[in-house]
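Have a look at the structure below, then the notes.
Just so we're on the same page: letters track the sequence lines, and every chain starts at 1.
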Amino acid sequence: MGYPFKEIEKRWQGYWEEKRIFNVDVASVPKDKKYYSLVMFPYPSAELHVGHARNYVIGDAVSRYKRMRGYSVLSPMGWDAFGLPAENAAIKRGIHPRDWTLKNIERIKEQLKSWGIGYDWEREITTCLPDYYKWTQWLFLQFYKRGLAYKKKAAVNWCPSCNTVLANEQVIEGKCERCSTLVEQRELEQWFFKITDYAERLLKDIDRLTEWPERVKTMQRNWIGKSEGVEIEFPLGSSDIKIRCFTTRIDTIFGVTYVVIAPDYQHIDKILELSPRAQEIRAFSNEVLRQRHIDRGSIAEKKGIDTGLYVINPVNGQRVPLWIGNYVVTEYGTGAVMAVPAHDQRDWEFAKRHNLKIIEVIYNSQANLNDCAWEDRGTMVNSGKFNGLDSEDAKEKIAAWIEENGWGRRKVNYRLRDWLISRQRYWGAPIPIIYCDKCGVVPVPEEDLPVILPDVKEFRPTGESPLTYVEDFLYTSCPSCGAKSRRETDTMDTFVDSSWYFLRYISPRDEDKAFDSALVNKWLPVDQYIGGVEHAILHLMYSRFFTKVLYDMGLLSFDEPFARLFTQGMIVKDGAKMSKSKGNVVSPDSLIDRYGADTMRLYILFIGPPDKDAEWNDRAVEGIWRFLNRVWNLMDIYDTMPEEGQGDANRAVLKKVHSTIKKVTRDMDIDFHFNTAVSSIMELVNTLYEYRAKGVAKNVFGAALKNMILLLYPFVPHISEEMWRRLGEEEALDSHPWPDYDEAYLKEDVVEYVIQVNGKVRGHIRAAVDAGKEELEKAAKQEVKRYIDGKSVNRIIIVPKKLVNIVVK
RNA sequence: GCGAGAGUGGCGGAAUUGGCAGACGCGCUAGACUUAGGAUCUAGUUCCUAUCCGGAGUGUGGGUUCAAGUCCCACCUCUCGCACCA
């Protein structure tokens, strides 16, 4: 029962497609009329559930709203189609990942269409197809030319289950972000992008992203992890080995009582040659590394072992012992720490445990070094010529002094590592590089792109790229000398594909270049980007990096890709993220079958603040279904309205209409408060029901109804279009202007005042808007007579049009 | 530990930014219409005081103010991100 949504939704979806409502001619749109509305493109793994739908429904509401606001809205859609899940699913089913992927794409496309989400499907892109990855490869070559793509042997993160390496960003708490397997370290020769060259700009430009959520910006800042300090060298005894330490607390340099290095310190073997206890130390180090692997992030005790060697503190010539400690990690700084137990809690704990000296060099009366380290500022002591200075001032002076003497230098350290992009898997874009015995590493000439991913039957992960076994692919001739040579067999991380797709949408079929700079410069930055917060670091930082590189190449006139970012919250069910394995997935298709797409869309928008996680409630969906039926039935009510009405009722209805327009417009413009926008439209509908028998004229009721439809259109376009036409309108809603509100209707002659006594509400009065002070005071006193009789009135506070507060004693 | 965000009825959540706390929706209660109701409509629904009259109330404890969910101080709890970051 209920309104005939099935027929209605089918009709308008067909109409939009036929009229090409969502297709944009990017070349002809003037710059001040363009609006690029982008949702993060999906990975076509399986059917979409309502959690995914939230992303697209929000995006569609924004696009349709902006269209009504007079913009030419570009809203494209594509597929992030390379990657491990496709490969794993294909292996499981014994089919090719491409077939599996393309089948899913068709299925998901149907889903999106059935939800009434409008996209310019003529701009559809699929990253696993050669006409797209040709340009991913081209971009790799540009990076290579600029020295931003390089190969090096390094300890890398290895997922033994996925049988491939992972970027640092893909390791979560020591585990693979995909399969949660503990990640191992392996020494491998791999391709990297030099994102660290851009660390400072990626950090600094975050400040310009004023329309990004604070949370995302903070996460990126933390990830980049800048810290400023000094790198100082401690010579090892009489050898020529120097232990370089990074510190942000150079003011404590005179308090160094030992130096401690990581168990897997890079020059550990050379150092151990000098140590009398090498055997013992190796055993200790192995144990620490093993422990760390099993129990990452929760090491309780500071354990260490003395190497028996000494290093020299260059600033005072003191010999201090060299230790190996479990609390030092190779990945940060230099893997060696100058330890100052008096002023660093970790060093303090270590020193206490191993009976190492604690020398105070920053004096503060609040410090008690018997209990813990003093990490705040203070006055310099035991620090030679720097004694008496404030420790903050001393930092600068000591750094300069160390540089003068050549003991070290100021250094900025970043936590950010270079981006490891090689993957030993099949389903990705081949890295366009050839290895020739004579010429060395030779990039594939641009005219030979794309390097086609060969069709293979066997692509199980073995730890080596499956392409290694494809002879036709592997062997080629050197572009430089023509000799027989081998191709690179690793493929690229899929995050490379998604780091530039927003540029490709502007000219998706261009066979001559990756993107059209002139058009891209007109259409980007993206006006509104919408997606899940899970991409806060990976995708969003890589895309920013790409944009900056392309800007430096002169191909773009902007260096931040996304002007405004909105991260929608997750939809959870029974307290958990929706997933097949948990069996708590809500399928939009069954909802649509029962209530229609508009009900699903509106419920998703109404469920809560869109940037927060929300709990799915099947019952609450019915509330929306009831609401839309009430909306639908307003048409019948309209037919029975009298031509003539009464002034009061007409005014009340019009006032509600205009205040609703004002409220909804605000919610749309300011921060996507769809939930409150919807609830205020519900109030309007309630008002229309309330006044239907109170003498509202038919034309007033009709005007109210039409404005209501305009407000609803971005949320529930099908029912809106249908009602619009049934009410006799000819012109389509998608190009109809958004309604304006008229302050004149919001003005009131008489307002209600709250009367308080000592801040407590004791009554209400109605008074003319222009009522004078005395008049209001008199009426207010009269209203709350019984509360103030026999008491003296101290003060009367009047807030115009709101309240009167009488202060009595 | 650092950083970000959040704590409001039985539930999801509102509150024009210092001015009637609980909009809107779910659920619940009662009634109407019905052979019937998991349809629809009407009324009610923060708690205590059985009603009235009142009183209390936005995580806790203080404070500022005529007036505090909102501002200030201290604390507690939860979620997320990073984490022996030197």
As a test of your reading of the structure, name each stem of RNA chain B as range with range, where a stem is three or more consecutive Watson-Crick or G-U pairs at under 3.5 Å.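 Ordered by first number, the stems with RNA chain B (at least 3 consecutive pairs each) read B:1-7 with B:76-82, B:10-12 with B:24-26, B:27-32 with B:40-45, B:46-48 with B:54-56, B:59-63 with B:71-75.
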Between [atom2] of [N] and [atom1] of [X], the distance in whole Å:
X: A:Arg415; N: B:rC84; atom1: CZ; atom2: C1'; answer: 14 Å
X: A:Ile765; N: B:rC20; atom1: CD1; atom2: C1'; answer: 14 Å
X: A:Tyr332; N: B:rA83; atom1: OH; atom2: P; answer: 12 Å
X: A:Arg410; N: B:rA86; atom1: CZ; atom2: C1'; answer: 19 Å
X: A:Lys411; N: B:rA86; atom1: NZ; atom2: P; answer: 13 Å
X: A:Tyr327; N: B:rC84; atom1: OH; atom2: P; answer: 13 Å
X: A:Ile624; N: B:rC24; atom1: CD1; atom2: C1'; answer: 9 Å
X: A:Asp347; N: B:rA86; atom1: CG; atom2: C1'; answer: 7 Å

Say we look at [N] and [M]: how far apart would their [atom1] atoms be, to the nearest angstrom?
N: B:rC48; M: B:rC52; atom1: C1'; result: 15 Å
N: B:rG37; M: B:rG31; atom1: C1'; result: 15 Å
N: B:rU45; M: B:rG22; atom1: C1'; result: 12 Å
N: B:rU58; M: B:rA6; atom1: C1'; result: 14 Å
N: B:rG27; M: B:rC11; atom1: C1'; result: 7 Å
N: B:rG9; M: B:rG5; atom1: C1'; result: 23 Å
N: B:rC82; M: B:rA67; atom1: C1'; result: 42 Å
N: B:rU46; M: B:rA21; atom1: P; result: 14 Å

Kindly write out the residues that satisfy salt bridge (Lys or Arg N to Asp or Glu O under 4.0 Å) with [X], not counting sequence neighbours, or none if the list is empty.
X: A:Glu375; answer: none
X: A:Lys781; answer: none
X: A:Asp669; answer: A:Arg69
X: A:Lys662; answer: A:Glu743

Shorter than 3.5 Å, N or O on both sides, protein versus nucleotides 64-69 of chain B: list them out with atom names.
from, atom 1, to, atom 2, distance (Å)
B:rC66, OP1, A:Arg795, NH1, 2.9
B:rC66, O2', A:Asn805, ND2, 3.2
B:rC66, O2, A:Asn805, ND2, 2.5

Using a 4.5 Å cut-off on heavy atoms from C-beta on, say whether the side chain of [Y] contacts that of [X].
X: A:Met708; Y: A:Val657; answer: no
X: A:Thr330; Y: A:Gln266; answer: no
X: A:Arg249; Y: A:Lys395; answer: yes

Between protein and nucleotides 36-47 of chain B, what N or O pairs are separated by less than 3.5 Å?
from, atom 1, to, atom 2, distance (Å)
B:rC41, OP1, A:Arg630, NH1, 3.2

Do [X] side-chain atoms and [Y] backbone N/O form a donor-acceptor pair below 3.5 Å?
X: A:Gln220; Y: A:Leu203; value: no
X: A:His343; Y: A:Ile362; value: yes
X: A:His354; Y: A:Phe350; value: yes
X: A:Trp374; Y: A:Asp376; value: yes

Which is more 5' along RNA chain B, the nucleotide nearest A:Ile537 or the one nearest A:Gly333? Just name the residue.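 In this pair, the answer is A:Ile537.
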Shorter than 3.5 Å, N or O on both sides, protein versus nucleotides 54-58 of chain B: list them out with atom names.
from, atom 1, to, atom 2, distance (Å)
B:rG54, OP1, A:Arg786, NH1, 3.3
B:rG54, OP1, A:Arg786, NH2, 3.0
B:rG54, OP1, A:Tyr787, OH, 2.4
B:rG55, OP1, A:Arg762, NH2, 3.3
B:rG55, OP2, A:Arg762, NH1, 3.3

Grab the two heavy atoms, one from [X] and one from [Y], that are nearest each other, plus how far apart they are.
X: A:Ala167; Y: A:Trp419; value: CB-CD1, 4.0 Å
X: A:Thr307; Y: A:Leu322; value: OG1-O, 2.6 Å
X: A:Lys411; Y: A:Phe246; value: O-CE1, 3.6 Å

Of all the choices, B:rC84, B:rC24, B:rC20, which nucleotide is nearest to the side chain of A:Lys302 once you look at every atom?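 Selected nucleotide: B:rC84.
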B:rA86, B:rC85, B:rC26: which one has an atom nearest the side-chain heavy atoms of A:Arg619?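 That would be B:rC26.
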Sugar-phosphate only, base, or nothing, as touched by A:Asn794 at under 4.0 Å among non-hydrogen atoms: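 Nothing, no nucleic acid heavy atom in range.
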Under 4.0 angstrom, heavy atoms only, what part of the nucleic acid is A:Val761 near: base, sugar-phosphate, or nothing?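 A:Val761: backbone/sugar contact only, no base atoms under 4.0 Å.
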Set of side chain to side chain donor-acceptor pair (under 3.5 Å) partners for A:Asn805, sequence neighbours left out: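 Here no residue qualifies.
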Looking at residues at least two apart in the chain, or sitting in another chain, which of them share a side chain to side chain donor-acceptor pair (under 3.5 Å) with A:Asp667?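 A:Asp667 satisfies side chain to side chain donor-acceptor pair (under 3.5 Å) with A:Lys663, A:Thr676 once adjacent residues are dropped.
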Cut-off 3.5 Å, no hydrogens considered: what does the side-chain donor-acceptor table look like for residues 602-612 of chain A, sequence neighbours left out?
from, atom 1, to, atom 2, distance (Å)
A:Tyr603, OH, A:Asn617, N, 3.2

Within 45° of the ring axis of A:Tyr689 and under 6.0 Å from its six-membered ring centre, is that where the NZ or CZ of A:Arg630 lies?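 Output yes; distance and angle both within limits.
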Heavy-atom contacts, protein to nucleotides 2-15 of chain B, under 4.0 Å, summarised as B (base), S (sugar-phosphate only) or - (none) per nt, yield -SS-------BSS-
Does B:rU34 sit syn or anti, given that only angles within 90° of 0 count as syn?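 B:rU34: anti.
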Would B:rG9 be called syn or anti, given that syn covers angles within 90° of 0?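 Syn, which is what one calls it when the glycosidic angle falls within 90° of 0.
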